[in-house]
Amino acid sequence: PGFSVSQVPVAEGKSVQQTVEILTRKLELLGAEKQGTFCVDCETYHTAASTISNQGQTGKLMYVMHNSEYPLSCFALFENGPCLIADTNFDILMVKLKGFFQNAKANKIESRGTRYQYCDFLVKVGTVTMGPSVRGISVEV
């Protein structure tokens with residue numbers, strides 16, 4: 001089975017939170033049942049300056065993600081490269097690799113919200129934040 005994640009536009013004249021409430025109300029009217037909450041976060045790492053040679057190479061990005069649906073796993077996606085699934089201790093390894101990859105702390109993104117079960121679909125409606133600012137709405141089906 002596949003899944004789809006979409007960014008949902010904020011309803012005209014409404015706040016992000018009001019739009020989330022409209023979406024969740026529609027799901028509940030359809031008969032969807034609340035099944036707790038979820039959280040997905042993504043931290044961006046960039047190649048440390050000391051590892052980039054003087055030959056005009058550009059740094060690479062790596063995205064490290066956590067998902068409450070997979071509490072014992074950590075996911076790393078290399079820019080234009082492979083995806084790695086590791087256990088949660090991967091975060092400790094990233095601290096030890098700070099000479100190679102540095103955390104761009106200002107770029108941590110989170111999506112938090114409510115999980116719903118609708119027939120055989122799992123639907124998650126979340127608020128996307130970057131640091132303290134709200135950036136949008138995500139819907140995962």
Side-chain angles (χ1 to χ4, degrees), residues 1-53 55-141:
F3 69 93
S4 175
V5 179
S6 302
Q7 183 176 357
V8 176
V10 176
E12 194 171 331
K14 303 284 183 190
S15 69
V16 167
Q17 193 54 43
Q18 289 171 322
T19 304
V20 167
E21 288 169 10
I22 291 167
L23 289 170
T24 56
R25 205 171 318 122
K26 285 180 181 178
L27 279 169
E28 289 169 5
L29 287 172
L30 286 171
E33 296 178 21
K34 281 186 186 179
Q35 294 209 324
T37 59
F38 76 94
C39 177
V40 177
D41 69 59
C42 177
E43 293 186 78
T44 303
Y45 289 81
H46 57 84
T47 309
S50 61
T51 63
I52 301 172
S53 70
Q55 300 170 358
Q57 287 182 322
T58 57
K60 294 281 185 180
L61 297 176
M62 180 174 58
Y63 305 97
V64 177
M65 293 168 267
H66 303 92
N67 186 336
S68 58
E69 297 290 315
Y70 306 96
L72 301 177
S73 298
C74 182
F75 305 89
L77 177 65
F78 293 91
E79 182 181 21
N80 301 321
C83 179
L84 169 73
I85 301 173
D87 67 21
T88 51
N89 291 334
F90 187 75
D91 290 321
I92 296 166
L93 178 63
M94 290 307 298
V95 171
K96 294 185 182 287
L97 291 176
K98 65 183 174 191
F100 300 98
F101 286 101
Q102 294 179 337
N103 190 333
K105 292 191 182 292
N107 290 338
K108 183 173 181 176
I109 297 175
E110 254 184 15
S111 179
R112 289 181 175 271
T114 307
R115 301 169 80 241
Y116 288 91
Q117 184 75 39
Y118 177 66
C119 299
D120 60 347
F121 291 98
L122 176 62
V123 181
K124 297 186 232 175
V125 180
T127 302
V128 179
T129 57
M130 180 182 266
S133 6
V134 176
R135 297 294 183 154
I137 302 165
S138 68
V139 175
E140 178 181 340
V141 180

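The analysis underlying the following values was restricted to heavy atoms, covering all of them including side chains, and did not include hydrogens, waters or symmetry mates.
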Quiz item: Which heavy atom of Cys42 sits nearest a heavy atom of Tyr63, and at what distance?
Solution: SG-CB, 3.8 Å

Practice problem: Taking all heavy atoms of Gly13 and all of Gln18, pick out the closest pair and write down the distance. | Solution: O-OE1, 4.4 Å

Quiz item: Should Lys60 and Phe78 count as side-chain neighbours, where that means a heavy-atom distance under 4.5 Å?
Solution: no

Practice problem: Determine the minimum heavy-atom distance between Phe38 and Ser68, stating which atoms define it. | Solution: CA-OG, 3.2 Å

Exercise. Report yes if some heavy atom in the side chain of Glu33 is under 4.5 Å from a heavy atom in the side chain of Tyr116; otherwise report no.
Key: no

Self-check item: Arg115 to Thr37 - nearest heavy-atom pair and separation
Solution: CD-O, 3.3 Å

Please tabulate, for side-chain N and O atoms in residues 122-137, each donor-acceptor pair with protein atoms closer than 3.5 Å (sequence neighbours left out).
residue : atom : partner : partner atom : Å
Ser133  : OG   : Met130  : O            : 3.4

Quiz item: At what distance, to the nearest 0.5 angstrom, does CD of Glu12 lie from NZ of Lys14?
Solution: 11.0 Å

Quiz item: If you measure from CG on Leu84 to CG on Leu77, what distance do you get to the nearest 0.5 Å?
Solution: 10.0 Å

Practice problem: For Asp91, check side-chain hydrogen bond (donor to acceptor under 3.5 Å, both in side chains) against everything at least two apart and list the hits. | Solution: His66

Quiz item: What's the spacing between Asp87 CG and Cys74 SG if we round to 0.5 Å?
Solution: 8.5 Å

Exercise. Write down the atom of Gln35, the atom of Gln117, and the distance for their closest heavy-atom approach.
Key: OE1-OE1, 3.4 Å

Quiz item: Any chance CG of Leu29 has more than 12 other-residue heavy atoms, nucleotides or ligands included, within less than 6.0 Å?
Solution: yes

Quiz item: If you measure from CG on Asn103 to NZ on Lys108, what distance do you get to the nearest 0.5 Å?
Solution: 8.5 Å

Quiz item: What distance separates Phe75 CZ from Ile85 CD1, expressed to the nearest 0.5 Å?
Solution: 5.5 Å

Quiz item: Going from CD on Glu110 to CD on Glu43, what distance comes out if it is rounded to the nearest 0.5 angstrom?
Solution: 9.5 Å

